[in-house]
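These numbers come from a predicted model, not from an experiment. Counting begins at 1 with the first residue of the sequence. Hydrogens, waters and symmetry mates play no part in the numbers below; they use all other heavy atoms, side chains included.
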Amino acid sequence: MSKGLPKRSEDYSLWYNELVKKADLAENSAVRGCMVIKPYGYSIWEKMQAELDRMFKETGHTNAYFPLFIPKSFLSKEASHVEGFAKECAVVTHYRLKNAEDGSGVIVDPEAKLEEELIVRPTSETVIWSTYKNWIQSYRDLPLLVNQWANVVRWEMRTRLFLRTAEFLWQEGHTAHATKEEAMEETIQMMNIYAQFAEDFMALPVVKGRKSENERFAGADETFCIEAMMQDGKALQAGTSHFLGQNFAKAFDVKFASKEGGLEYVWGTSWGVSTRLMGALIMAHSDDNGLVLPPKLAPIQVVIVPIYRGEAELEAISSKAVELMDSLRKVGVSVKFDNRDTHKPGWKFAEYELKGVPLRIGIGPRDLENGTIELARRDTLTKETFELSSQPIEEKILNLLDQIQKSIYQKAFNFRQEKTTEVNSWDEFKSVLDSKGGFVAAHWDGTSQTEERIKELTKATIRCIPLDQKAEEGVCILTGKPSLGRVLFAKAY
């Protein structure tokens, strides 16, 4: 097959868009700004979802589901929250259509106006905390550890598949606690879970940190995040966890009777990751030949392609291929045997390379005679001939998949290291951003005004204040005022 992918070095944005479409991950829908996630793309999301769901449940969280629609008045109850989302809200004003009298089609029935407009959820804090008021009465009801898998709508003007769409899929955790300390522990725990998932499953190295006040979630007292580096030198926020303090508890009057007999406001958190992780997976690892998927998230970990002439050869090869497939499936490897007679082996090789299948097994008549198979790695594009009698095939494949997972992570880690630069002056800061990109570790005076001015001048934002920030006296790159440590700046998605 002809891949026809642009080169990353020539047009990274076009490369990304074309890869998403050609690898059958997603496409634009008839609704502006929304996407159709195709079966192959959705199967990757399902694997992400399954692992995250397992990790959430292992830490005591349970799933629930809350309404898609939020009364407009709910958003008005938490001032900074409504201010943060007001420009992104889709609003439902009517509940019925009718046929136009002139026969031109359906129109909104003016008699069917809602008494109160409904907001299509951009996030669920308000509707969930209004519910928690009924669920929480006593300290015995706490902690409340709830997650939901859902879709949300944020009316984006400039969209890009997976990275920024008007509707996207995500999970959002919402927890309630008796003490500030317990809520903060939860917030940090969930950031750590996101980091563990990103590194162990996505093979994506991340920086854990706190957001500056300007970048904090609307309605939160503190936001923690994981930040990743893409191959074009731009950062991508891969997950956030918010310490809400008592803001939403006070807005919705959620109190509990304490052990001491008093009545206190609940402490809250919220945290989430979305299908934006799909974009991160693609941009962090893939190459000019197509997707490069870490084995732990690949829908197909191994594909077996027969190389034959005529039905007799195919029949003999198929018998061996099925034997191999059964052996690998017994040890938990996902395998596909592609015996389609509508495409030649070369076409299939290109297809699975494009789709990022980590390992390809080729079997031809000569392999049957010699007791060998050809193994091709997607990450390094290298091949080897493997003698089946030399080692159990299950052991060989499991070892190779593990090597590939680690290799992909190490390559991304090395790239991030290369793209992280310390600077000490404004001129150096601008030069690195323009010529090299990546994370720029620089001193900042801690004020919102300076942060906003740097953003205006360079389009770079503070991605995070790293949790492992070293105490280091210096001066702000823009104002020259004192600073006690470096923060990470970058241009970002």
Side-chain angles (χ1 to χ4, degrees), residues 80 180-181 183-192 194-196 198-199 204-218 220-230 233-245 269 412-493:
S80 59
K180 177 180 180 180
E181 292 73 23
M184 184 59 81
E185 285 175 11
E186 166 78 3
T187 309
I188 294 171
Q189 172 187 246
M190 300 319 295
M191 173 198 62
N192 286 331
Y194 289 152
Q196 182 186 345
E199 298 195 336
L204 182 67
V206 294
V207 178
K208 296 187 285 189
R210 290 184 296 114
K211 286 291 188 184
S212 63
E213 186 177 350
N214 284 19
E215 297 291 321
R216 193 179 294 159
F217 176 73
D221 285 355
E222 197 79 77
T223 290
F224 293 84
C225 63
I226 56 171
E227 294 285 330
M229 178 55 55
M230 302 297 99
K234 286 186 179 179
L236 187 140
Q237 179 181 283
T240 50
S241 185
H242 315 293
F243 171 66
L244 302 177
T269 81
F413 180 84
N414 292 343
F415 178 80
R416 190 190 72 184
Q417 294 293 92
E418 293 165 11
K419 285 286 187 178
T420 302
T421 311
E422 284 192 3
V423 302
N424 295 297
S425 71
W426 179 244
D427 286 343
E428 195 181 359
F429 181 79
K430 290 189 295 180
S431 175
V432 169
L433 276 177
D434 292 340
S435 62
K436 182 180 178 182
F439 286 129
V440 185
H443 283 282
W444 161 61
D445 64 20
T447 67
S448 295
Q449 293 83 355
T450 298
E451 180 181 4
E452 190 59 36
R453 185 61 179 152
I454 291 172
K455 182 179 178 179
E456 289 173 5
L457 293 171
T458 65
K459 296 183 179 179
T461 55
I462 295 175
R463 301 317 305 156
C464 71
I465 303 163
L467 293 190
D468 61 358
Q469 181 192 49
K470 295 177 184 175
E472 176 191 352
E473 291 188 5
V475 295
C476 176
I477 51 167
L478 184 65
T479 65
K481 293 179 181 178
S483 162
L484 298 177
R486 296 177 187 273
V487 300
L488 287 185
F489 287 88
K491 294 179 181 179
Y493 284 96

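Here the shortest heavy-atom pairing between H443 and S483 reads ND1-OG, 2.8 Å. Closest of all the heavy-atom pairs between S80 and A218 is O-CB, 3.3 Å. Closest heavy-atom contact between G438 and A490: O-CB, 3.5 Å. Shown here for V487 and P466, the closest heavy-atom pair between the two residues is CA-CD, 4.2 Å.
Looking at F243 and K180, their side chains come closer than 4.5 Å, going by heavy atoms from C-beta outward. With contacts defined as side-chain heavy-atom distances shorter than 4.5 Å, the pair F217/T240 does not qualify. Residues R453 and L478 are in side-chain contact: their nearest non-hydrogen atoms beyond the backbone lie under 4.5 Å apart. Within the 4.5 Å cutoff, the side chain of T269 has no heavy atoms near those of the E185 side chain. The closest side-chain heavy-atom distance from C476 to T450 is below 4.5 Å. Between E452 and N214 there is a side-chain heavy-atom pair separated by less than 4.5 Å. Taking the side chain as every heavy atom from C-beta outward, V475 and K481 never approach each other to under 4.5 Å.
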Practice problem: Take L457 and F429 through the test side-chain contact (heavy atoms from CB on, under 4.5 Å) and record every step on the way to the result. | Solution: CA-CA 11 Å; L457 293 171; F429 181 79; over 6 Å; no
Practice problem: Might you work through the side-chain contact (heavy atoms from CB on, under 4.5 Å) test for I226 and Q196, ending with a clear yes or no? | Solution: CA-CA 10 Å; I226 56 171; Q196 182 186 345; over 6 Å; no
Quiz prompt | From CA spacing to verdict: side-chain contact (heavy atoms from CB on, under 4.5 Å), E227, L488 | solution = CA-CA 10 Å; E227 294 285 330; L488 287 185; over 6 Å; no
Quiz item: Does the pair K455 and F489 meet the rule for a side-chain contact (heavy atoms from CB on, under 4.5 Å), with working shown?
Solution: CA-CA 10 Å; K455 182 179 178 179; F489 287 88; over 6 Å; no
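When each of H242, K211, R210, E215 is paired with T223, the side-chain hydrogen bond (donor to acceptor under 3.5 Å, both in side chains) condition holds for H242 and for no other.
Panel note: side chain T458, backbone I454; a donor-acceptor pair is recorded below 3.5 Å. At distances below 3.5 Å, at least one donor-acceptor pair connects side-chain atoms of K419 with backbone N or O atoms of K436. A donor-acceptor contact shorter than 3.5 Å links the side chain of S241 to the backbone of T187. Side-chain atoms of R216 come within 3.5 Å of backbone N or O of D221 as a donor-acceptor pair. Within the 3.5 Å criterion, the main-chain N or O of R463 finds no donor-acceptor partner in the side chain of Q237. In terms of modelled atom types and a separation under 3.5 Å, the side chain of R416 and the main chain of V206 share a donor-acceptor contact. The main-chain N or O of V423 is found under 3.5 Å from a side-chain atom of R486 such that the two form a donor-acceptor pair.
Remark: the D427 side chain and the S425 side chain contain no N/O donor-acceptor pair separated by less than 3.5 Å. Side chains of Q189 and E186: a donor-acceptor N/O pair is present below 3.5 angstrom, by distance only.
Interatomic distance, CG of L484 versus CD of E472, reported as 10.0 Å (0.5 Å rounding). Within the model, atoms OG1 of T420 and CE of M229 stand 6.0 Å from one another, a figure rounded to the nearest 0.5 Å. To the nearest 0.5 Å, the span separating CZ on F439 from CD on Q417 amounts to 10.5 Å. Rounding to the nearest 0.5 angstrom, the gap separating the NZ atom in K208 from the CD1 atom in I188 is 10.0 Å.
Surrounding CD of E456 are more than 12 heavy atoms belonging to other residues, nucleotides or ligands, all under 6.0 Å away. Atom CD of E213 is surrounded by 12 or fewer heavy atoms from other residues, nucleotides or ligands within 6.0 Å.
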